[in-house]
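Take a look at the structure set out below.
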Amino acid sequence: MNNNTLPKPLVTFNQWFILISIILSLATGLYFLMVLPLFTGLMGLLLKRNPAISIARKFLSKPAGSYPQEDFAQLQFNQTIAVACLALSLIGFYSGYAIIGYVFAIMVGVASAVALMGFCVGCFIRFQWQQYRYRRTN
């Protein structure tokens with residue numbers, strides 16, 4: 001393992017954490033529950049240390065380097081999208097625009113669920129962006 005990767009089980013845990021937080025929040029109407037993945041995501045982006053992932057790391061049964069690895073830069077890109085959407089969702093709910101809250105929460109929830117099934121929406125977006133930038137320079 002190196003500083004440019006993260007073990008896949010930790011990434012999967014984070015995806016479940018986000019998805020469950022959103023489901024509970026929308027199912028109960030306790031929208032503040034989305035602050036949990038928003039806060040941990042922000043900490044991950046700003047401090048490069050996501051508290052949810054730090055806790056999950058303690059439960060790895062093998063050395064971190066023995067698991068399939070995920071690219072840290074890609075994860076940061078994905079986390080940026082999730083944090084922005086969660087923030088917009090909470091702003092929508094608490095400013096009286098529930099439709100905005102639902103749209104952004106559902107977008108993050110669907111992206112997390114789809115990632116758990118094997119397709120990374122953020123990876124696709126980042127790849128398309130990199131291709132666009134490459135074509136522009138050549």
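What you see is a predicted model; the values in this text were computed from it and never measured. Here, residue 1 is the first one in the sequence, and each next residue gets the next number.
- The number of heavy atoms from other shown groups lying within 6.0 Å of CZ (F127) does not exceed 12.
- Listed by first and then second residue, the salt bridge (Lys or Arg N to Asp or Glu O under 4.0 Å) pairs involving residues 67-94 are K8-E70, D71-R126 (not counting sequence neighbours).
- In terms of the side-chain hydrogen bond (donor to acceptor under 3.5 Å, both in side chains) criterion, Y132 has no residue partners (sequence neighbours excluded).
- Note on residues 22-38: no pairs pass salt bridge (Lys or Arg N to Asp or Glu O under 4.0 Å), not counting sequence neighbours.
- With rounding to the nearest 0.5 Å, the separation of CG in L90 from CD1 in I100 is 12.5 Å.
- Applying the salt bridge (Lys or Arg N to Asp or Glu O under 4.0 Å) test to every pair with at least one member in residues 129-138, sequence neighbours left out, gives no pairs at all.
- No more than 12 heavy atoms of other residues, nucleotides or ligands sit less than 6.0 Å from atom CZ of F124.
- Evaluation of the side-chain hydrogen bond (donor to acceptor under 3.5 Å, both in side chains) test over residues 31-48, restricted to residues two or more places apart or in two chains, returns Y31-Y102.
- With sequence neighbours left out, the side-chain contact (heavy atoms from CB on, under 4.5 Å) criterion links I91 to S95.
- Under 3.5 Å, the side chains of N14 and Q79 contain a donor-acceptor pair of N or O atoms.
- Residues forming a side-chain contact (heavy atoms from CB on, under 4.5 Å) with L30 (at least two apart in sequence, or on another chain): T28, F32, L33.
- Between L19 and Q15, the closest side-chain pair of non-hydrogen atoms is not below 4.5 Å.
- Sorted pairs that involve residues 62-84 and meet ring-ring contact (aromatic ring centres under 6.0 Å, His included), not counting sequence neighbours, are lacking altogether.
- With a 4.5 Å cut-off between side-chain heavy atoms of Ile, Leu, Val, Met, Phe, Trp and Tyr, the cluster of F59 takes in I55.
- Cluster membership for Y94 and Y97, using ILVMFWY side-chain heavy atoms within less than 4.5 angstrom, is not shared.
- Counting only heavy atoms from C-beta outward, the side chains of I106 and L26 approach each other to under 4.5 Å.
- The shortest distance between side-chain heavy atoms of N50 and M43 does not fall below 4.5 Å.
- Note: the hydrophobic cluster containing M117 also contains I23 (ILVMFWY, side chain heavy atoms under 4.5 Å, direct or indirect links).
- Applying the disulfide bond (SG atoms under 2.5 Å apart) rule to pairs touching residues 6-61 yields nothing, sequence neighbours excluded.
- A distance-only check finds a donor-acceptor pair linking the side chain of S112 to the backbone of V108 [under 3.5 Å].
- Take C85 and apply the disulfide (SG to SG under 2.5 Å) test, not counting sequence neighbours, and it matches no residue.
- Screening residues 97-138 for disulfide bond (SG atoms under 2.5 Å apart), with sequence neighbours left out, gives C120-C123.
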